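Structure first, then comments.
These numbers were taken from a predicted model, which means no experiment stands behind them. Counting convention: from 1, in listed order, for ligands and their atoms alike.
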Amino acid sequence: MDYEILRERMVREQLMPRGIKNQRVLDAFRKVERHKFIPENLRNSAYADFPVPIGEGQTISQPYIVALMTECLNLNGQDKVLEIGTGSGYQAAILAELVKEVYTIERFETLAKRAEAILNEFGYTNIKIKVGDGTLGWEEAAPFNKIIITAASPGIPLPLTEQLKENGKLILPLGESFSQVLTLVEKKKGKLEFMDICGCVFVPLVGKHGWSNRYA
Ligand code: SAM
């Protein structure tokens, strides 16, 4: 399978026609080898227009949703970004192409270890991974310019709003456990402003400031 051709097709047929315009974002999607983040037996679906299972009942999101969340954050090369929900490590790799530093937290050790191995193999030196409850944030590394939560949350975890810089942006799927609204939050003069982006469906954010374990 020629993965480079599949990546170009993904960019041209899934991302650009749906309005992803940022050239740096599109180039990151052309560069990062998404198939390497996907279990070998499912690699033929790596560039398909849907989420793919990655183990532990979790998924790597559909390429378009990863691109949309990335573009909405309006990232720049000096940003320090916190990701909640490392999963496969793919979103972290995309972020690492675009910003100075990425901090990413995953609740399943198995997934975090696998993601870390792949990210090391690619030689990323600007990504730090830890295992734990991401709803608590990463206090020692805070504050962050941007925060991305890649699991569905019933609300905005308070520690994350505190760890977001003034004029910072946070994006998350907000709502019920089975359907949410992708929401962009901006911190302006200490207050949070909300913008609805689109409907979406994510696996639940499970933790102290997310859903309880019975949704996992
Ligand atoms: N960003 C990932 C990627 O690129 O593959 C996809 C993330 S997947 C849709 C959501 C991830 O969030 C899962 O791996 C899940 O285990 C993780 N998760 C859920 N609740 C969490 C929490 N409280 N802290 C950290 N990770 C969490």
Side-chain angles (χ1 to χ4, degrees), residues 10 25 28-29 32-39 42-43 45-48 50-70 72-73 75 81-99 102-119 122 124 127-139 141 144 146-160 163 170-175 177-180 182 200-216:
M10 167 186 77
V25 173
F29 276 79
V32 177
E33 295 182 277
R34 182 174 161 97
H35 59 281
K36 297 264 176 79
F37 294 86
I38 287 182
L42 297 173
R43 280 197 182 159
S45 298
Y47 295 95
F50 47 75
V52 178
I54 54 170
E56 305 288 3
Q58 308 303 315
T59 53
I60 176 173
S61 303
Q62 176 193 15
Y64 169 62
I65 289 291
V66 180
L68 181 61
M69 292 177 87
T70 307
C72 283
L73 287 175
L75 300 166
V81 181
L82 175 65
E83 179 193 26
I84 311 304
T86 315
S88 68
Y90 177 67
Q91 172 80 74
I94 294 283
L95 293 169
E97 294 289 333
L98 299 166
V99 304
V102 180
Y103 291 80
T104 180
I105 309 175
E106 171 55 52
R107 63 185 278 263
F108 287 106
E109 186 166 7
T110 45
L111 296 182
K113 290 272 169 272
R114 197 168 67 200
E116 191 167 35
I118 301 164
L119 293 165
F122 280 122
Y124 288 106
I127 304 176
K128 291 195 175 61
I129 302 185
K130 85 172 176 185
V131 178
D133 178 4
T135 69
L136 302 171
W138 195 321
E139 207 167 349
F144 301 94
K146 313 280 163 64
I147 299 179
I148 176 168
I149 306 178
T150 65
S153 183
I156 305 182
L158 185 62
L160 300 183
Q163 292 175 26
L170 178 156
I171 193 157
L172 83 166
L174 191 59
S177 55
F178 296 108
S179 98
Q180 308 89 36
L182 192 60
C200 58
V201 181
F202 274 77
V203 293
L205 182 74
V206 177
K208 186 169 177 206
H209 301 273
W211 295 101
S212 70
N213 240 324
R214 76 197 153 94
Y215 290 96

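Taking the ring centroids of F50 and Y64, they lie at or beyond the 6.0 Å cut-off.
For P157 against H209, the heavy-atom pair with the smallest separation is CB-CB, 3.6 Å. In this structure, L136 and P159 approach most closely via the heavy-atom pair O-CB, 3.5 Å. Nearest heavy-atom pair across P173 and M69 is CD-CE, 4.4 Å.
Here the protein heavy atom with the shortest distance to atom 12 (O) of ligand 1 is G85 CA, 3.2 Å. Protein heavy atom nearest atom 21 (C) of ligand 1, with residue, atom name and distance: R107 CD, 3.4 Å. For atom 6 (C) of ligand 1, the nearest protein heavy atom (residue, atom name, distance) is T59 O, 3.4 Å. In terms of protein heavy-atom proximity, atom 15 (C) of ligand 1 is nearest to Q58 OE1, 3.3 Å. Scanning all protein heavy atoms for the shortest distance to atom 10 (C) of ligand 1 gives T150 O, 3.2 Å.
When each atom of ligand 1 is checked for a heavy atom of L205 under 4.0 Å away, the hits are 19 (C), 20 (N), 21 (C), 22 (C), 23 (N). Near D133, with a cut-off below 4.0 Å to any heavy atom, the atoms of ligand 1 are 23 (N), 24 (N). Residue-ligand proximity, P204 to ligand 1, at heavy-atom distances under 4.0 Å covers atoms 19 (C), 20 (N). Of all the atoms in ligand 1, the ones that sit under 4.0 Å from a non-hydrogen atom of Q91 are 1 (N), 4 (O). For ligand 1, the atoms lying closer than 4.0 Å to a non-hydrogen atom of I60 are 5 (O). When each atom of ligand 1 is checked for a heavy atom of G134 under 4.0 Å away, the hits are 22 (C), 23 (N), 24 (N), 25 (C). Those atoms of ligand 1 with a heavy atom of I105 less than 4.0 angstrom away are 25 (C), 26 (N). Close approach to E83 involves these atoms of ligand 1, each under 4.0 Å from a residue heavy atom: 1 (N).
Residue G132 places a heavy atom less than 4.0 Å from ligand 1. In this structure, I148 has no heavy atom closer than 4.0 Å to ligand 1.
Here's the thing with E106: one of its N/O atoms is less than 3.5 angstrom from an N/O atom of ligand 1. At a 3.5 angstrom cut-off on N or O pairs, V206 counts as close to ligand 1. Annotation: S88 places an N or O atom under 3.5 Å from an N or O atom of ligand 1; distance criterion only. Considering backbone and side-chain atoms alike, F108 places every N or O at 3.5 Å or more from each N or O of ligand 1.
Between the side chain of R34 and the main chain of Y47, no donor-acceptor pair closer than 3.5 Å is present.
Taking 4.5 Å as the limit, some side-chain heavy atom of L205 sits within range of a side-chain heavy atom of T135. Within the 4.5 Å cutoff, the side chain of V32 has heavy atoms near those of the F37 side chain. Between T104 and K130, every side-chain heavy-atom pair lies at or beyond the 4.5 Å cut-off.
Distance CG/L170 to SG/C72: 12.0 Å, rounded to 0.5 Å. The NZ atom of K146 lies 11.5 Å from the OG1 atom of T70; values are rounded to the nearest 0.5 Å.
Checked against side chain to side chain contact (heavy atoms under 4.5 Å, CB included), E109 has the following partners two or more places apart in sequence or in another chain: K113, V131.
With a 4.0 Å heavy-atom cut-off, ligand 1 is reached by no atom of V66.
Between the side chains of S61 and Q91, no donor-acceptor pair of N or O atoms lies under 3.5 Å.
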